[in-house]
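Okay, structure first, notes after.
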Amino acid sequence: MALGDLPVVYAFGYLSTPTVEFSDRQLSDLLIAARRHNNPRQVGGKLIVLEEGERVVRFAQWIEGPREEIEVCIQRIFADTRHGEFDVQWQGETAGRRFAGWDMAYDTYAPDEWPGAAPGLDAR
């Protein structure tokens with residue numbers, strides 16, 4: 001099935017707040033684990049991190065791929081006690097991938113840059 005000329009993928013976009021402190025090493029470990037999990041499942045996306053000084057204060061994430069795999073990822077994300085205060089921005093089918101070729105892209109932003117970084121998670 002396709003929407004327009006692009007293949008349909010299932011996507012999930014959300015914002016969350018960390019419940020624990022994240023060091024650079026912990027963020028790196030999180031990304032490595034996500035990439036290892038995502039690659040064989042054809043899941044990709046992007047993690048955006050808001051940092052105030054050296055402290056992580058907010059996450060924005062977009063994941064995309066086969067519906068069954070994204071639903072498993074959603075369950076894992078909501079079960080992860082390292083973050084909470086979820087604000088789901090998008091969940092459903094979308095035309096094409098935003099992050100084709102990425103297991104998990106990653107960017108960090110300072111508070112003055114954040115307003116332009118996270119919006120658009122709800123864009124189809």
Side-chain angles (χ1 to χ4, degrees):
M1 180 187 315
L3 295 175
D5 293 335
L6 298 172
V8 173
V9 296
Y10 200 77
F12 180 64
Y14 71 94
L15 304 169
S16 70
T17 302
T19 59
V20 298
E21 294 288 326
F22 274 88
S23 67
D24 287 343
R25 175 60 186 229
Q26 289 167 315
L27 277 174
S28 177
D29 290 347
L30 179 82
L31 285 166
I32 289 168
R35 290 172 178 148
R36 282 186 184 146
H37 182 267
N38 293 350
N39 183 284
R41 293 168 177 82
Q42 300 177 345
V43 171
K46 184 171 187 177
L47 175 65
I48 301 171
V49 177
L50 170 62
E51 293 181 338
E52 286 184 355
E54 305 227 352
R55 216 172 115 239
V56 174
V57 296
R58 198 81 165 131
F59 291 110
Q61 187 172 32
W62 178 268
I63 56 173
E64 57 194 14
R67 182 181 186 132
E68 310 79 45
E69 298 296 347
I70 296 302
E71 288 175 348
V72 169
C73 287
I74 292 168
Q75 291 173 1
R76 289 179 62 207
I77 289 165
F78 282 125
D80 188 338
T81 59
R82 295 174 295 179
H83 58 148
E85 297 181 32
F86 290 96
D87 181 5
V88 175
Q89 299 289 300
W90 172 256
Q91 183 175 350
E93 291 182 341
T94 185
R97 288 183 179 260
R98 289 183 175 192
F99 301 100
W102 286 93
D103 299 336
M104 186 56 58
Y106 171 73
D107 273 322
T108 61
Y109 291 89
D112 61 329
E113 302 169 317
W114 182 256
L121 289 179
D122 62 347
R124 293 160 214 160

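Partners of R82 by salt bridge (charged side-chain N to carboxylate O under 4.0 Å, His left out), not counting sequence neighbours, listed by chain and number: D80. By the side chain to side chain contact (heavy atoms under 4.5 Å, CB included) test, I74 is found to be paired with F12, I70, F78, Q91, residues two or more places apart in sequence or in another chain being considered. Residues satisfying the salt bridge (charged side-chain N to carboxylate O under 4.0 Å, His left out) criterion with R41, sequence neighbours excluded, are E69. T108 is linked by a side chain to side chain contact (heavy atoms under 4.5 Å, CB included) to V49, E51, Y106, counting only residues two or more places apart in sequence or in another chain. Every residue was checked against the side chain to side chain donor-acceptor pair (under 3.5 Å) condition with T81, not counting sequence neighbours, and none meets it. The salt bridge (charged side-chain N to carboxylate O under 4.0 Å, His left out) test applied to E52 returns no partner, not counting sequence neighbours. For T19, the side chain to side chain contact (heavy atoms under 4.5 Å, CB included) criterion is met by no residue, not counting sequence neighbours. Checked against side chain to side chain donor-acceptor pair (under 3.5 Å), R67 has the following partners two or more places apart in sequence or in another chain: E71. With sequence neighbours excluded, the residues forming a side chain to side chain donor-acceptor pair (under 3.5 Å) with R76 are H37, listed by chain and number. With sequence neighbours excluded, the residues satisfying side chain to side chain contact (heavy atoms under 4.5 Å, CB included) with D29 are R25. Applying the side chain to side chain donor-acceptor pair (under 3.5 Å) test to D103 and every residue at least two apart in sequence or in another chain returns N39.
Here CD of E93 is found 8.0 Å from OH of Y10. Values are rounded to the nearest 0.5 Å. The CG atom of D87 sits 6.5 Å away from the CZ atom of R58 when rounded to the nearest 0.5 Å.
Sorted by first and then second residue, the salt bridge (charged side-chain N to carboxylate O under 4.0 Å, His left out) pairs involving residues 7-20 (not counting sequence neighbours) form an empty list.
At least one side-chain heavy atom of S28 sits under 4.5 Å from a side-chain heavy atom of I32. Proximity of V43 to V72: side-chain heavy atoms (C-beta onward) are nowhere separated by under 4.5 Å. Between F99 and E64, some side-chain heavy-atom pair lies under the 4.5 Å cut-off.
Shown here for M104 and Q61, the closest heavy-atom pair between the two residues is CE-NE2, 3.2 Å. Taking all atoms of both residues into account, the shortest heavy-atom contact from P66 to Q42 is CD-O, 3.3 Å. Of all heavy-atom pairs spanning Q26 and E21, the tightest one is OE1-O, 3.2 Å. Among all heavy-atom pairs drawn from G96 and V9, the shortest one is O-CG2, 3.3 Å. Smallest separation of non-hydrogen atoms from A11 and W62: CB-CZ2, 3.2 Å.
Each of Y109, F22, F86 was checked for a ring-ring contact (aromatic ring centres under 6.0 Å, His included) with F59, and the lone residue meeting it is F22.
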